[in-house]
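Heads up: numbering here begins at 1 and tracks the sequence.
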Amino acid sequence: GGPGPAEVGLGPLPAELRAAVRALVGDLDALFTALGLREESFAVGALSRVIAAELASYAPARNRRRTATNKASVVFVDRTLDLAGAVGHHGDNLAEKILSVLPKLPGHKTDVMVNMVELTALRTTDETCNIIAPGCLAQPNDPAAKALWESFMNLKQKEAVMEARRHLVEAASRENLPIKMSMGEVTPEQLSSYIQLFRNNLKALENHCGLLQLVLATVQTLKHPQTSKWDNFLAFERLLLQTIGESEMPSVLNQFLPMIKSYNERTKDDYTCEDFLVLLVYMYSVVGEIKSGKELDIAEKEVKKALVKAICDEPEPSPVLQKIT
């Protein structure tokens, strides 16, 4: 037989992937050189083993390891071993929701665009209005904004939103703005009304600009239609985990089938084709090994047929759908 997964080298990989692996190895070597590291590599997964082996045999890396003084352990892990982690909707975290639903800041992978129109005198219902430069999440020079972002990452959504209100109230009080503190549940509308107080006070705007960008991101996320769908995803994933424990995969797929609807049959609350792809990746990732058989083949064939029909009926396929069709 041929080589097992542990013995596969760069050779059998597609040219594009080979080039990407070599580029990554070169970048890692440059990083370790700058840090003066002599690394010991560990790998989990077939592609990770290839990368670790390439790094081990890379001539500049060998030379570096002979002279470097700082020791380090590097663990490479194949992302495909945990696709459920990448596509799952993990609980009640405001930071994750903000990063998922708001558009990406151009040129950045880990920051988003915050619509700042609400802080101006411009009156428009166009959510994509780009006359005003967008805000963002990174506020390194604003201690209050940094503390609030920590809350978004570490607290449950309800507590994080209350923190946003508390920070806004404190900022407004310091600027002597006429704010009325209200108790009870925090709503996006309430946060918006507090933000409006800063709009006509340039000094207050300047002093608390970072904080206001984070609170605007919160308001826009809570109002975003994708946020309610996020909660539906989470409920479905939890139900799926229970069902998989009790049923075989064909049964799970048969329950999944009626939910696949074409563009003309869908309401705004129904899942889109991309949503189904995400759910299918999640399902097959959490199930692990699947027993093949006639029943599974029939169920998978029906799901494929419904999904292909739904994708073909899309009037304007997204970039993801265009890539796979």
Checklist entry - For N70, does its backbone N or O pair with a side-chain atom of R38 as donor and acceptor, under 3.5 Å? => result no
Checklist entry - side chain to side chain contact (heavy atoms under 4.5 Å, CB included) between L119 and I132: does it pass, once the steps are laid out? => result CA-CA 10 Å; L119 285 173; I132 307 297; over 6 Å; no
Checklist entry - Looking only at atom types and distance, does a side-chain atom of D313 sit under 3.5 Å from a main-chain N or O of Y263, one as donor and one as acceptor? => result no
Checklist entry - Taking the six-membered ring for Trp, are F256 and F276 ring centroids under 6.0 Å apart? => result yes
Checklist entry - Got L105 and P134 here, is their nearest side-chain heavy-atom distance under 4.5 Å? => result yes
Item to check | Least distance between heavy atoms, M116 atom then L216 atom | outcome: SD-CD1, 3.9 Å
Checklist entry - How far does CG of L253 sit from CD1 of I260, to the nearest 0.5 angstrom? => result 9.0 Å
Next on the checklist: If we ignore hydrogens and angles and just use 3.5 Å, is the side chain of K97 paired with the main-chain N or O of Q157 as donor and acceptor?
Outcome noted: no
Item to check | Donor-acceptor contact below 3.5 Å, side chain D111 vs main chain L137 | outcome: yes
Next on the checklist: Could you check whether any side-chain N or O of S48 sits under 3.5 Å from a backbone N or O of D78, counting only pairs where one atom can act as donor and the other as acceptor?
Outcome noted: yes
Next on the checklist: Between N93 and F152, is the side chain to side chain contact (heavy atoms under 4.5 Å, CB included) condition met? List the steps.
Outcome noted: CA-CA 7 Å; N93 184 283; F152 287 179; over 6 Å; no
Checklist entry - With distance as the sole criterion, is a donor-acceptor pair present between the side chains of T267 and D270 under 3.5 Å? => result yes
Next on the checklist: Tell me if the centroids of the rings in Y271 and F233 come within less than 6.0 Å of each other.
Outcome noted: yes
Next on the checklist: Return the CG to SG distance between N141 and C209, rounded to the nearest 0.5 Å.
Outcome noted: 11.5 Å
Item to check | For the student: nearest non-hydrogen atoms of C136 and Q213, plus distance | outcome: N-OE1, 2.9 Å
Checklist entry - Does some side-chain heavy atom of L17 sit less than 4.5 Å from a side-chain heavy atom of P14? => result yes
Item to check | Side-chain donor/acceptor of Q220 to backbone N/O of N115, under 3.5 Å | outcome: yes
Checklist entry - Charged N to carboxylate O below 4.0 Å: is that the case for R266 and E314? => result yes
Item to check | Linked, directly or transitively: L13 and L28 (ILVMFWY side chains, under 4.5 Å) | outcome: yes
Next on the checklist: If we count only N and O atoms by modelled type, under 3.5 Å, do the side chains of S100 and Q226 hold a donor and an acceptor together?
Outcome noted: no
Checklist entry - Can M259 be reached from I298 by stepping across I, L, V, M, F, W or Y side chains whose heavy atoms are under 4.5 Å apart? => result no
Next on the checklist: Whether the side chain of K104 engages the backbone of L99 through a donor-acceptor N/O pair (distance < 3.5 Å, no angle test) should be reported.
Outcome noted: yes
Checklist entry - Just wondering, more than 12 heavy atoms not from M162 lying within 6.0 Å of its CE? => result no
Checklist outcome for this item: Closest non-hydrogen atoms of D29 and A61, given as atom of the first, atom of the second and distance, are OD1-CA, 3.3 Å
Next on the checklist: Under the criterion side chain to side chain contact (heavy atoms under 4.5 Å, CB included), I'd like the reasoning laid out for Y282 against L240: C-alpha separation, chi angles, the key distance, then a yes or no.
Outcome noted: CA-CA 9 Å; Y282 184 83; L240 188 65; 3.7 Å; yes
Next on the checklist: Would you say that K294 contacts P250 through its side chain, given a criterion of any heavy-atom pair below 4.5 Å between the two side chains?
Outcome noted: no
Checklist outcome for this item: For L191 and L168 the tightest heavy-atom approach is O-CD1, 3.9 Å
Checklist entry - Are V281 and M283 in one and the same hydrophobic cluster, where Ile, Leu, Val, Met, Phe, Trp and Tyr link if side-chain heavy atoms are under 4.5 Å apart? => result yes
Checklist entry - NZ of K158 to CD of E163: how many Å apart, nearest 0.5 Å? => result 14.0 Å
Item to check | Check: L24 and L55 side chains under 4.5 Å, non-hydrogen atoms | outcome: no
Checklist outcome for this item: When every non-hydrogen atom of L205 is compared with those of F198, the smallest separation belongs to CG-O, 3.4 Å
Next on the checklist: Is it the case that the side chain of R65 and the backbone of L37 share a donor-acceptor pair, with hydrogens and angles ignored and the cut-off at 3.5 Å?
Outcome noted: no
Next on the checklist: Taking M249 as the starting point, is it possible to reach L277 by hopping between hydrophobic residues whose side chains are less than 4.5 Å apart?
Outcome noted: yes
Item to check | V117 vs T120 side-chain heavy atoms within contact, under 4.5 Å | outcome: yes
Checklist entry - CD/E206 to NZ/K203 distance, rounded to the nearest 0.5 angstrom? => result 5.0 Å
Next on the checklist: Pair V215, L148 - check side chain to side chain contact (heavy atoms under 4.5 Å, CB included), show working.
Outcome noted: CA-CA 9 Å; V215 180; L148 183 58; 4.1 Å; yes
Next on the checklist: Any non-hydrogen side-chain atom of Q190 less than 4.5 Å from a side-chain atom of T187?
Outcome noted: yes
Checklist entry - At what distance, to the nearest 0.5 angstrom, does OH of Y194 lie from CG of L212? => result 14.0 Å
Next on the checklist: Whether the side chain of S262 engages the backbone of E265 through a donor-acceptor N/O pair (distance < 3.5 Å, no angle test) should be reported.
Outcome noted: no
Checklist entry - Do the side chain of T227 and the main chain of K223 share a donor and acceptor less than 3.5 angstrom apart? => result no
Next on the checklist: Quick one, L222 and V101 - any side-chain contact, counting heavy atoms below 4.5 Å?
Outcome noted: no
Next on the checklist: So, applying salt bridge (Lys or Arg N to Asp or Glu O under 4.0 Å) with E39, which one of R62, R64, K71 is it?
Outcome noted: R64
Item to check | Check: K229 and T272 side chains under 4.5 Å, non-hydrogen atoms | outcome: yes
Next on the checklist: For the CD atom on E189, are there more than 12 heavy atoms of other groups (residues, nucleotides or ligands in this structure) within a distance under 6.0 Å?
Outcome noted: yes
Checklist entry - Would E159 and S151 count as a side chain to side chain donor-acceptor pair (under 3.5 Å) if you check the C-alpha gap in whole Å, the side-chain angles of each, and the deciding distance to 0.1 Å? => result CA-CA 8 Å; E159 296 164 351; S151 301; over 6 Å; no
Checklist entry - Looking only at heavy atoms, which two atoms of V25 and I51 are closest? And how far apart? => result CG2-O, 4.0 Å
Checklist entry - CD of Q196 to CG of L177: how many Å apart, nearest 0.5 Å? => result 12.5 Å
Next on the checklist: Take a 6.0 Å sphere around CD of E295 and say whether it holds more than 12 heavy atoms from other residues, nucleotides or ligands.
Outcome noted: no
Next on the checklist: Do W149 and I195 land in one hydrophobic cluster if side-chain heavy atoms of ILVMFWY residues count as linked below 4.5 Å?
Outcome noted: yes
Next on the checklist: Between E170 and R166, is the salt bridge (Lys or Arg N to Asp or Glu O under 4.0 Å) condition met? List the steps.
Outcome noted: CA-CA 6 Å; E170 285 180 4; R166 184 180 69 78; 2.6 Å; yes
